[in-house]
Amino acid sequence: MTHAIEVKDLHKSFGALGVLKGVSLNVDEGEVITVIGPSGSGKSTLARCIARLERIDSGEIYVYGHRMDAEKMSNAKESELLGMIFQQFNLFPHLSVLENVAMAPMKVRGKSRAEAENTARELLERVGLGDKIEAFPAQLSGGQQQRVAIARALAMDPKVMLFDEPTSALDPELVGDVLNVIADLARSGMTMMIITHEMLFAKEVSDRVIFMADGHIVEQGAPDDIFGRPQKERTRAFLQRVLSHYGAAVSEEAR
Amino acid sequence: MELDFSVLVPYMHMFWKGVCVTIQASFLGVLFGSALGIFIGSFRVMPFKPLRYLMAAYIYVLRGTPLMIQLFLIYFGLPALGVNLDAATAGILGIGINSSGYVGEIVRGGIEGVSKGQWEAAKMLGLSYWQTMKSIILPQAIRHMLPAIGNEFVTLIKESSLLSVLAISDLTMVGQQVRSVTYASFETFIFVAVVYLALTSVTSGALQLLENRWKVK
């Protein structure tokens, strides 16, 4: 069976700095995987390579059998396969919330305005922003903006959603709403790859957790195994350092 | 020496015509220059390199040579290639082309001022390069660009005085005509200067208003 995402021996460096040093990975349809690891481990770059936002040095990347790094593919075609959520939201500041969500379905898929706006309203309702459709991005909190970005990506109905540190730019009190929306999406059966620093969240929503460090996948497995019984010293050290911030309840489980 | 501006009164209808020509020429010039400049600036940031270098060369030449020489080339030079333009067309074309080089650079700056994340988000939503440019990047860039394009318009109002070398009856040309019959050189050109100042002030003010309105959103 074709994997949703298949990455083979991916190498990527920025100048002399090696960021991905032979990463291989499969994601199956309906699977939710989270990628955790220290800053600079290459996890964001991995997502950006899959999304063709970075040129790769060597290796192969397939999304539903399409060779992403070599096939000549229009952005329109790619949007059927992949949706992406960015750390900085990247909403279009000159467009209203509704227009942000409805624009691409009209321009790329040729949907009528009425149809696109209806879908947009439903999606905005779903992310809890049904009352903000007329607002402009600058009038929203970071958490609201990120939820609009999620609705915007969903409006294109992609097969896979990539989340590149979706809550890293948010104030702590706004993180929860965004994570709830992502968790709902995960439960709905969407195929997702989530780059995150939110360990509790990763533990809760993932089918599989991938730990990356120094451009390699160090360890991967079920959340209970990675967080409960990490096999590699590197993973243990990282989790210990990160989870110490979460307080007793979490470190209890991590032990 | 005593200044007597009353000698200019009988020629007011001429000055008025000259003002109209100046406004028309600089407005059409900036319009044509901006339209062209938006393409030049957009090409200038394109991933396709040959076009990018070609546009860089275009801008380099236009900014590095005098407007007057450019006007001469169009009006006196082009007929050698069988292209005969009347003075007004040649003048507006010259001003517009000259302006497109400057506007092109303004546009490039404006486009580069829009964050890279906007391109990336648009790409992931399936928008093509030109769809992104037209619907996402330029609308944002234009807001950054507006003050600079306004300055360009003000500059053109002044530089359009060079049209008088093509014997176009703009404000400057009218001034020369009035001076030659009244011999009131000082009065005439003080008056002409004041009219130019009024034109540029009104333009600057209007653009300022427009800019403030756009900032609200």
Side-chain angles (χ1 to χ4, degrees), chain A residues 47-48 50-55 73-96 99-111 116 135-139 145-146 148-158 160-164 169, chain B residues 34 37-38 41-43 45-52 103 106-150 207 209-217:
Chain A
R48 292 176 57 83
I50 294 170
R52 298 196 310 167
L53 292 171
E54 305 289 350
R55 210 177 285 253
M73 186 189 288
S74 68
N75 294 346
K77 172 70 192 165
E78 188 187 356
S79 72
E80 294 172 15
L81 300 172
L82 291 174
M84 183 144 177
I85 301 302
F86 300 87
Q87 187 176 340
Q88 299 297 337
F89 332 130
N90 295 340
L91 292 185
F92 305 132
H94 60 300
L95 300 178
S96 73
E99 290 167 326
N100 260 279
V101 180
M103 189 195 67
M106 289 193 288
K107 290 215 181 289
V108 179
R109 300 280 161 77
K111 292 200 176 157
F136 281 82
Q139 299 165 323
Q145 290 193 46
Q146 191 61 297
V148 174
I150 292 171
R152 182 177 69 172
L154 290 176
M156 296 305 278
D157 198 21
V160 182
M161 286 273 276
L162 303 173
F163 293 82
D164 183 11
Chain B
S34 297
I38 284 177
S42 304
F43 286 141
V45 296
M46 254 188 117
F48 183 61
K49 290 221 168 108
L51 210 50
R52 221 159 87 185
V103 175
I106 296 169
V107 171
R108 179 176 71 98
I111 290 171
E112 286 174 349
V114 178
S115 92
K116 207 173 115 234
Q118 295 287 307
W119 284 100
E120 295 185 346
K123 174 194 169 282
M124 295 310 293
L125 290 169
L127 272 70
S128 68
Y129 179 85
W130 284 110
Q131 281 177 327
T132 306
M133 188 61 104
K134 182 174 149 276
S135 303
I136 307 298
I137 306 300
L138 283 179
Q140 295 181 57
I142 281 174
R143 281 173 209 203
H144 305 187
M145 284 153 31
L146 199 69
I149 290 194
L207 287 160
L209 278 178
L210 195 60
E211 209 180 301
N212 291 342
R213 283 248 314 252
W214 275 26
K215 255 187 203 144
V216 178
K217 256 189 201 170

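None of these values were measured; they are calculated from a predicted model. Proteins get letters first, then strands, A, B, ... in listed order; numbering begins at 1 in each.
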Colleague: Nearest 0.5 Å please: distance from the NZ atom of A/Lys111 over to the CE atom of A/Met156.
Modeller: 8.0 Å
Colleague: What part of A/Phe92 is in contact with chain B, defined as an atom under 4.5 angstrom from a non-hydrogen atom: side chain, backbone, both or neither?
Modeller: both
Colleague: Quick one: what part of B/Gln131 sits under 4.5 Å from any heavy atom of chain A, side chain, backbone, both or neither?
Modeller: side chain
Colleague: Using the side chain to side chain donor-acceptor pair (under 3.5 Å) criterion, which residues pair with A/Gln87? Sequence neighbours excluded.
Modeller: none
Colleague: Go through the atoms of A/Leu91 and report whether side chain, backbone, both or neither lie under 4.5 Å from a heavy atom of chain B.
Modeller: backbone
Colleague: About how many Å separate CH2 of B/Trp119 and OG1 of B/Thr132, when rounded to the nearest 0.5 Å?
Modeller: 6.0 Å
Colleague: Tell me, do A/Met84 and A/Leu53 make a side-chain contact under 4.5 Å, heavy atoms counted?
Modeller: yes
Colleague: If we only count heavy atoms from C-beta on, is the A/Glu99 to A/His94 side-chain gap below 4.5 Å?
Modeller: no
Colleague: Using non-hydrogen atoms and a 4.5 Å limit, figure out which bit of A/Arg152 sits close to chain B: side chain, backbone, both or neither.
Modeller: both
Colleague: Non-hydrogen atoms of chain A under 4.5 Å away: do they reach the side chain of B/Ser135, the backbone, both or neither?
Modeller: both
Colleague: Given heavy-atom pairs under 4.5 angstrom as the criterion, report whether the side chain, backbone, both or neither of A/Glu78 touches chain B.
Modeller: side chain
